[in-house]
Amino acid sequence: MTDTRTPPARAERPEAPPAKHAPRPSARDRGTRLLATLFLAPTILGIVVFTVVPIVGSVVLSLFHWNVIDSPRFAGGSNYGAVFGDETVLVSFRNTLVFMVLAVALQLLVALALALTLTGRMPGWLRSVFRSAFFFPLVLSAASISVVMKYLFNQDFGVINWLLGFVGIAPVPWLTSENAAMATVVLVYVWQQFGFSFLLFVGGLNNIPKEIHEAAALDGATGLRKHLSVTLPLLSPTLLVASVVGIINALQVFEQPYVLTNGGPGDSTRTVVMVIYETAFEQLRFGEASAVGVLLFVLIMAVTALQFRLSRRFVHYQ
Amino acid sequence: MSRVSPLSQATLSFSRARHGLAPWARIAGLTVCALLTLGPVVWTVSTSLRTPAEAFDLPPQLIPSDPSTEAYRGVFGQIDVWLLALNSTLVTGLIAVGQMITAGLAGYAFARLEFRFKKSLFALVLATMMVPLQVTIVPVFLVLKSMSLTDTLLGLIIPAFPTAFGTFLMRQYFLGMPKDLGEAAMLDGAGPWRTFRSVYAPLAAPGLAIVGVLAFNYHWNEFFRPLILETSGQNYTLPLGLVSLQGNLGTGSVSVVLAGVVLSMIPAVAVFVVGQRPLREGITSAGVNR
């Protein structure tokens with residue numbers, strides 16, 4: 001934290017006053033630096049106290065046993081050992097990965113299909129209406145929406161089973177059977193989140209120059225064929241961004257399973273962030289909770305790095 | 001430029017769907033999807049207007065045949081809606097204003113001022129965009145506890161002031177402004193502060209609007225931090241209050257809970273209507289600039 005204020009390393013010193021400038025900093029330069037310090041102080045200080053220190057803190061805490069009341073005891077790697085031996089934690093990682101794959105795939109597919117369909121010819125006002133409708137759920141609270149969805153997905157009285165009854169589908173135990181519960185959490189999450197990818201795709205599609213579409217049309221590419229061989233490669237940078245952000249967000253899912261199922265039935269929808277919450281704030285095992293947090297962080301970084309690596313082969317920049 | 005292989009010519013000959021879907025089919029499909037998207041919201045509003053006794057009766061009604069405000073009176077009786085709304089407004093409003101200030105200042109410094117360690121400090125800011133709060137929540141809680149800020153509204157507000165993404169966005173915004181403006185002001189004898197205050201800051205409003213609207217949208221709906229930090233009911237925000245209201249479902253009624261949900265949606269919907277453009281731009285750039 002103090003690093004930023006200390007003078008630069010000795011090696012840099014001789015280069016400090018570049019030949020081009022006046023030998024001594026003018027009053028204006030000093031003023032500029034003072035202003036920069038004042039302008040940056042709130043942001044940098046805040047980031048150090050509430051992000052940098054907690055990152056280091058997570059790693060340190062994960063090496064201790066601590067319940068906040070007694071003084072911390074050094075644990076070495078035993079928290080990690082405990083975490084890897086804990087069935088609930090392992091299941092939560094599996095659930096989170098399954099959730100991530102299903103949610104991100106569905107979200108990207110729905111968003112891409114809608115964004116592509118929206119590029120077709122239609123009145124401008126209709127296009128804006130659709131666009132607004134699709135991103136509207138994004139402005140709502142995930143927690144409140146999950147409250148609403150809990151009613152809609154109710155097995156006996158919910159509107160969804162009532163509607164399905166018309167096409168002869170027997171009531172689905174959306175929230176009360178192990179298999180269906182995860183699907184329900186995915187559906188509710190995607191319902192709220194697909195608008196984000198959708199907006200990205202709409203923006204990405206707008207950035208594709210008209211001439212390219214025209215050239216493709218001249219070459220005889222239309223419809224789905226055009227989309228597969230022309231649009232998608234050009235959209236691939238946007239696809240990468242949408243999937244990276246989608247994955248990072250999905251790995252942190254909390255509100256939907258917390259409100260809809262509270263992790264159940266059994267542990268079938270318990271996610272990693274739910275485990276962090278329960279371990280730390282319900283069971284007061286701060287060391288183990290931190291270890292789970294560190295593992296989640298490593299997972300997020302690894303998945304993102306892998307994605308960028310893979311994308312080098314598939315992403316085309318114009 | 002074109003990536004179309006000669007093969008597509010061949011495909012075409014047996015592809016009847018030369019222009020993709022017919023326009024009516026496209027619009028019909030989009031309409032169905034839009035209805036699915038808005039359906040739960042419409043149901044929430046209409047059910048909140050039914051009497052608590054018949055709220056869960058099927059079939060659901062699109063427009064209640066006999067609209068009643070009983071549920072709304074009920075929700076005010078069961079939870080302190082005014083207090084929750086006041087807390088949410090305070091927290092969200094102060095965070096939004098705070099983020100506009102911190103991001104505006106820091107963004108300007110990174111875009112237009114010269115100082116030591118500029119690159120590394122900016123890299124630090126960018127790097128923290130990658131760190132999800134859920135991962136560091138335990139130490140964040142302990143830091144706040146050491147400051148006696150747990151179970152206070154300030155504990156929600158202060159840590160949210162610095163915004164890596166907002167800083168990044170404002171830096172881009174200031175970088176997009178012509179450099180000559182500032183140089184002209186400098187030649188006229190304006191110092192760094194005057195140059196900022198009278199030349200660049202007035203031009204920053206649209207960028208700040210994006211930061212403010214995004215902050216409002218995110219924090220008005222925020223659930224995770226309040227759930228962890230706020231333990232006494234008097235410090236609850238709306239989403240927390242609503243989830244706890246559904247918790248005692250045995251005593252409450254569907255329409256009462258939904259009335260609460262509708263009330264809590266109003267400001268978010270208002271921002272959606274008034275600030276849709278900055279909101280869209282913000283959400284899009286949040287992705288594109290990663």
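If you're wondering where the values come from, they're calculated on a predicted model, not measured in any experiment.
If you measure heavy-atom distances from B:Y218 to chain A, you find no contacts under 4.5 Å at all. Neither the backbone nor the side chain of B:S120 comes within contact range of chain A; no heavy atoms are under 4.5 Å apart. At a 4.5 Å heavy-atom cutoff, the contact between B:T37 and chain A is made by backbone and side-chain atoms alike. At a 4.5 Å heavy-atom cutoff, A:S197 makes no contact with chain B through either its backbone or its side chain. The contact between B:A190 and chain A is made entirely by backbone atoms, counting heavy-atom distances below 4.5 Å. Neither the backbone nor the side chain of A:I160 comes within less than 4.5 Å of any heavy atom in chain B. Heavy atoms of B:L142 lying under 4.5 Å from chain A belong exclusively to its side chain. Using a 4.5 Å cut-off between heavy atoms, B:W43 contacts chain A through its side chain alone, with no backbone atom that close. Within the 4.5 angstrom heavy-atom criterion, only side-chain atoms of A:F130, from C-beta onward, approach chain B. Contacts of A:L118 with chain B are made by both backbone and side-chain atoms, with heavy-atom separations under 4.5 Å. Heavy-atom distances place the side chain of A:A280, and not its backbone, under 4.5 Å from chain B. Heavy atoms closer than 4.5 Å to chain B are found nowhere in A:V129, neither backbone nor side chain.
With a 6.0 Å cutoff to the six-membered ring centre and a 45° limit on the axis angle, B:R171 counts as a cation-pi contact of B:F122.
For B:S88 (side chain) and B:L238 (main-chain N/O), a donor-acceptor pair under 3.5 Å exists by modelled atom type. Panel note: side chain B:T102, backbone B:F161; a donor-acceptor pair is recorded below 3.5 Å.
The aromatic ring centres of A:F135 and A:F198 sit 6.0 Å or more apart.
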